[in-house]
**Student:** 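This is the structure, below, for whatever I ask next.
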Amino acid sequence: MLLGTASAGPDAFAQGASGGETLAPSSSKVQALTRLSAILGSLSHLDAICHGRDGTIWRTKMTNLLAVEAPEDKTRKAYVAAYNTANLEAALIFRSCTPNAEALVNDYLAEGSSIAQGLGENH
């Protein structure tokens, strides 16, 4: 479910430090990846309640994002916090699948795809 500290829950994983490129927190790439992290966090919960999946696919995508980007510690923490916050907010708002939750899944899939494509074009 959540990424971060052990107290976050059974689906959490540690925010260990990693190396990698240094980006200013306000860079458009960091903003896009922070938003993508939040989308992945929301999808982890919404996919579980709407489609019966355990959210593993979205945690794996988040893990892959962190591995590929290898951001500096501060930026990594921002990505993990965005994932965790969005996951928690989705869990607080949606305890079961509703038409709004299902619509959000579709919206987040489209937005996440758009962000990923935009980032791919910039490399």
Side-chain angles (χ1 to χ4, degrees):
M1 176 193 260
L2 301 178
L3 303 172
T5 64
S7 63
D11 296 327
F13 67 98
Q15 285 191 21
S18 62
E21 78 181 281
T22 300
L23 295 171
S26 62
S27 80
S28 60
K29 181 178 180 183
V30 169
Q31 289 174 356
L33 288 171
T34 301
R35 177 63 186 150
L36 185 57
S37 297
I39 289 169
L40 294 172
S42 292
L43 283 170
S44 182
H45 175 72
L46 294 171
D47 196 33
I49 63 170
C50 288
H51 303 122
R53 298 182 199 125
D54 67 3
T56 302
I57 186 173
W58 307 110
R59 284 189 307 279
T60 299
K61 288 183 183 296
M62 184 65 193
T63 301
N64 291 343
L65 180 150
L66 294 170
V68 168
E69 291 300 319
E72 67 174 37
D73 193 46
K74 182 178 178 180
T75 304
R76 184 183 197 285
K77 286 180 181 179
Y79 296 163
V80 171
Y83 179 100
N84 288 340
T85 299
N87 184 280
L88 179 60
E89 288 173 352
L92 291 172
I93 294 168
F94 298 101
R95 295 174 192 249
S96 63
C97 191
T98 65
N100 286 341
E102 190 66 52
L104 274 176
V105 168
N106 294 327
D107 290 348
Y108 287 150
L109 289 172
E111 184 181 356
S113 177
S114 177
I115 291 170
Q117 287 176 343
L119 290 168
E121 293 169 3
N122 293 327
H123 285 290

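Nothing here was measured: the structure is a model prediction, and the numbers come from that model.
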**Student:** For Thr34 and Ala78, which heavy atoms make the closest approach, and how far apart are they?
**Tutor:**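 Residues Thr34 and Ala78, closest heavy atoms: CG2-O, 4.4 Å.
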
**Student:** Check whether any side-chain heavy atom of Tyr83 lies under 4.5 Å from a side-chain heavy atom of Ser44, and answer yes or no.
**Tutor:**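 In short, these two side chains touch, coming nearer than 4.5 Å.
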
**Student:** How close do Ile39 and Tyr108 get, heavy atom to heavy atom, and via which atoms?
**Tutor:**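 That would be CG2-O, 3.5 Å.
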
**Student:** Got Glu69 and Arg76 here, is their nearest side-chain heavy-atom distance under 4.5 Å?
**Tutor:**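 No, every pair of side-chain atoms sits at 4.5 Å or beyond.
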
**Student:** With distance as the sole test, does Thr75 use its side chain to make a donor-acceptor pair with the main-chain N or O of Pro71 at under 3.5 Å?
**Tutor:**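 No, the answer is negative, given that no donor and acceptor are paired below the 3.5 Å cut-off.
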
**Student:** Working to the nearest 0.5 angstrom, can you tell me the gap between Ser37 OG and Leu66 CG?
**Tutor:**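 One finds 6.5 Å between OG of Ser37 and CG of Leu66.
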
**Student:** With rounding to the nearest 0.5 angstrom, report the NE2 to CG distance, His45 to Leu104.
**Tutor:**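 Reported to 0.5 Å precision, the distance equals 11.0 Å.
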
**Student:** How many angstroms lie between atom CD1 of Ile115 and atom CG of Leu40, to the nearest 0.5 angstrom?
**Tutor:**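 It comes to 9.0 Å.
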
**Student:** Who pairs with Glu89 by side-chain hydrogen bond (donor to acceptor under 3.5 Å, both in side chains), at least two apart in sequence or on another chain?
**Tutor:**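 Not a single residue meets the side-chain hydrogen bond (donor to acceptor under 3.5 Å, both in side chains) criterion with Glu89.
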
**Student:** I need the minimum non-hydrogen distance between Trp58 and Leu43, along with the two atoms involved.
**Tutor:**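 Answer, listing the atom of Trp58 first, then Leu43: CD1-O, 3.5 Å.
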
**Student:** Indicate the atoms forming the closest heavy-atom contact of Ile49 with Cys97, along with that distance.
**Tutor:**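 Looking at all heavy atoms of both residues, the closest pair is O-CB, 3.5 Å.
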
**Student:** Decide yes or no on side-chain contact (heavy atoms from CB on, under 4.5 Å) for Cys50 and Phe94, but give the supporting numbers first.
**Tutor:** CA-CA 10 Å; Cys50 288; Phe94 298 101; over 6 Å; no

**Student:** Rounded to the nearest 0.5 Å, what separates atom CD1 in Ile93 from atom CG in Asn100?
**Tutor:**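 Going from CD1 on Ile93 over to CG on Asn100, the span is 10.5 Å.
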
**Student:** I need the His51 NE2 to Glu102 CD distance, nearest 0.5 Å.
**Tutor:**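 Here the rounded value is 3.5 Å.
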
**Student:** May I ask you to decide whether Glu111 forms a salt bridge with Arg35, counting only side-chain N to carboxylate O separations under 4.0 Å?
**Tutor:**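 Answer for the salt bridge query: yes.
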
**Student:** Which residues pass the side-chain hydrogen bond (donor to acceptor under 3.5 Å, both in side chains) test with Ser114, sequence neighbours left out?
**Tutor:**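 Not a single residue meets the side-chain hydrogen bond (donor to acceptor under 3.5 Å, both in side chains) criterion with Ser114.
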
**Student:** Using 0.5 Å steps for rounding, measure from the CG atom of Leu36 to the CD atom of Gln31.
**Tutor:**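 That separation rounds to 13.5 Å.
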
